[in-house]
Asks: 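If you scroll down you'll find the structure; I have some questions about it.
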Amino acid sequence: MDVYQRLLGFVRPYRARVAIAVLASLLFAAATSFYAFLLGPLLKLLLTGEAAPVAGLGALQELPAERLLVALPALLIATACVRAGTQALQSFLMQSTGQRVVAEMRRALYRRFLTLPQAWLSGSHSGDLLSRFGADVQSVEFAVTVAFSSYVKDTLQALALLAVCAWLDLRLLAAAMVAVPLTFIPIARFGRRLKRVSDQAQEQLGALASHAGESVANVRVVQAFCREGTELRRFDGAQARYLGVMHRSFLLRAAFSPVVELFGILGLALVIFFAGSAIAEGALQGETLLSFLAALTLMYQPIKALSITGQQVIQGMAGARRVFEVLDAPVGLSEPAEAAPLELEREIAFRGVSFSYSGAEGPPVIEDLDLVVPKGKTLALVGESGAGKSTAALLLLRFWDPTRGAVEIDGRDLRAARLADLRRLIAYVPQEPVLFAGSVFDNVVCGNERAGEPEVIAALQAAHAWDLVSEMGGLGAQVGERGSGLSGGQRQRLALARAFVADAPIIVLDEATSALDSASEQLVQQGLESLLRGRTALVIAHRLSTVERADEIAVLSGGRLVERGSHRALLERGGLYAGLWAAQAATGEDAGLEQAGGPGLVRGA
């Protein structure tokens, strides 16, 4: 479907407002045209003192000159009032409608951002997505508000003035229109080139925003490795490419209006040439020529405005195409329109699960995984980096679907349940806790928006975070973007409080303590003990001492399950788990490893 037609689809709910605006535009065009009717007789009256008939206005035909000298200015003032009022009404209705349309589009885009599949997001840059939300929507905003208003008003005005010219003298109109077909050639060529350049400009602007966003998000790494100069040079290169594209755009726009104006002057010259002969032969009255020239001159302004607006609309359409690319992104994970509520009564199971981030033909990250986690038990996933531990957790959360096999709850394939029902059963604590700019209360209740202050305080106490929040100033204390100003342990405890408030029967911990120092880890692990008690848990861990009390430990290697059993049984077996345990003990990576059977910090029921 054409991009502009899709934009008009957003306008349909406001068609009553648009209809009133179009009616106002018609009145505005009629008032503008009336100027041309009055101008010829008025000028003749002022210059010669003779009354001239006003075409189409029989009531003024018999008025003497002194009466016309009063009536014509009065009509001009009345016409100006009608013109001003209708222009204001049309402009307000169209621009306010345009703002509502853009607001709906912006909301649709944001809603799509929140539901984009992980596969699509993994191939996109966050800066480019934000550019679509910002610069691209802004260019669409002009196309829908100012441009749409201009198209309606200026088109009707040009047509009305064209009708006036036809009414006054068809021969002169034919002379004026001789140059019109010639203008189509440069307009078409300029339009095609400008469309191509506008598409390139929006893409380069997205790349520029992507680079800037990436550098800002990773500014600590940039500063730590003294890469400020390198990143600035990369930014300058991206900006130079954007400015190069915009330079071509400016050249095209600069040449467009003079070319159109040149053909307009050609039409005017032909009118004057034919009018001179007609007046000499007595076939054309002077006041008619004056009115015709006035209408032709007035018609030039809306035509020129339409040509300029057309240039900006082309840029707006380039932005709209990028917006619709996101709106049209594949849905990704399918879910049934209606499904029975999902509950955990017996077990979570991975049945012959294989998965590749590149699809069925790509290298597998997980291969033929079979695991069962009974209700109320804790299963720990351990293994070297890249073994597929975190991927298994993401499959349970259904951020991705297996390429083969199924993840089930009580024998029911997760693909047969609604995503919202599934995720309400799970509280997820990632390795890097995510905090939003806002208050402590807002950050905690995002796990359960129905929770009140007593529940939030209880959750913070259970997560050993209440003393921290009290020192910060209470529940209303502001948390910076991404938890800036808080240590890793402090952010993790707030994330645990969020999981407590969620009160979900399933807990997923993805290396929740791997980046913490011993003191912070102890506080976090005390909160984890309370959180896991009586719940079903999938725990991914790098520090093996944190999982030794799990009900069962599954060891992954190369995406395959190679061992499973209790901590003591795996040590006695002397396999991969025992080797990892010995390696961590030898390097002193985990102080809890010295005593096999020592106090594990993550427990089952």
Asks: Determine, stepwise, if the pair Asp328 / Arg6 fulfils salt bridge (charged side-chain N to carboxylate O under 4.0 Å, His left out).
Replies: CA-CA 12 Å; Asp328 296 338; Arg6 292 189 65 176; 2.6 Å; yes

Asks: Listed by chain and number, what are the side-chain contact (heavy atoms from CB on, under 4.5 Å) partners of Arg111, not counting sequence neighbours?
Replies: Arg107, Ala108

Asks: If you measure from the Lys or Arg side-chain nitrogens to the Asp or Glu carboxylate oxygens, is any gap between Arg412 and Asp410 under 4.0 Å?
Replies: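 No, no charged N to carboxylate O under 4.0 Å.
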
Asks: Hey, are Ser566 and Glu552 close enough side-chain-wise for a donor-acceptor pair under 3.5 Å?
Replies: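 Note: Glu552 and Ser566 side chains miss the donor-acceptor criterion.
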
Asks: Just checking, is any N or O donor in the side chain of Ser439 or Asp442 under 3.5 Å from an acceptor N or O on the other one?
Replies: yes

Asks: Minimum heavy-atom separation for Asn443 to Arg498, with atom names?
Replies: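 Closest heavy-atom pair between Asn443 and Arg498: O-NE, 3.0 Å.
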
Asks: Quick one: closest heavy-atom pair of Gly383 and Lys389, and the distance?
Replies: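 So the minimum-distance heavy-atom pair works out to O-NZ, 3.2 Å.
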
Asks: Between Arg404 and Asp368, is the closest basic N to carboxylate O distance under 4.0 Å?
Replies: yes

Asks: Show the nearest heavy-atom pair for residues Ala465 and Leu494, with the distance to one decimal.
Replies: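 Looking at all heavy atoms of both residues, the closest pair is CB-CD2, 4.5 Å.
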
Asks: Tell me every residue that passes side-chain contact (heavy atoms from CB on, under 4.5 Å) with Val245, counting only those two or more places apart in sequence or in another chain.
Replies: Val197, Gln200, Ala201, Gln204, Arg248

Asks: Apply salt bridge (charged side-chain N to carboxylate O under 4.0 Å, His left out) to the pair Arg535 and Asp503, showing each step before the final yes or no.
Replies: CA-CA 9 Å; Arg535 291 183 170 91; Asp503 195 26; 2.6 Å; yes

Asks: Hey, is the main chain of Ile366 close enough, under 3.5 Å, to the side chain of Arg560 for a donor-acceptor pair?
Replies: no

Asks: Is there a salt bridge (charged side-chain N to carboxylate O under 4.0 Å, His left out) between Arg351 and Glu408 once you walk through the steps?
Replies: CA-CA 8 Å; Arg351 308 284 188 192; Glu408 300 175 348; 3.2 Å; yes

Asks: Grab the two heavy atoms, one from Val372 and one from Ala349, that are nearest each other, plus how far apart they are.
Replies: CG2-CB, 4.2 Å

Asks: Within the distance-only criterion (no hydrogens, no angle test), does the side chain of Thr536 pair as donor or acceptor with the backbone N or O of Gly376 below 3.5 angstrom?
Replies: yes

Asks: Go through the steps to decide whether Val508 and Val429 satisfy the test side chain to side chain contact (heavy atoms under 4.5 Å, CB included), and finish with yes or no.
Replies: CA-CA 6 Å; Val508 174; Val429 183; over 6 Å; no

Asks: Just jot down the side chain to side chain donor-acceptor pair (under 3.5 Å) partners of Glu455, sequence neighbours excluded, or say none.
Replies: none

Asks: Taking only residues two or more places apart in sequence or in another chain, which ones pass ring pair (Phe, Tyr, Trp, His ring centres under 6.0 Å) with Phe350?
Replies: none

Asks: Would you find a donor on one side and an acceptor on the other, under 3.5 Å apart, between the side chain of Glu345 and the backbone of Glu343?
Replies: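 Absent.
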
Asks: Which residues pass the side chain to side chain donor-acceptor pair (under 3.5 Å) test with Asp421, sequence neighbours left out?
Replies: Arg424

Asks: Please tabulate, for side-chain N and O atoms in residues 390-399, each donor-acceptor pair with protein atoms closer than 3.5 Å (sequence neighbours left out).
Replies:
from	atom 1	to	atom 2	distance (Å)
Ser390	OG	Asp510	OD1	2.9
Ser390	OG	Asp510	OD2	3.1
Thr391	OG1	Tyr357	OH	2.8
Arg398	NE	Asp401	OD1	2.7
Arg398	NH1	Ser334	O	3.0
Arg398	NH2	Ser334	O	2.7
Arg398	NH2	Asp401	OD2	2.9

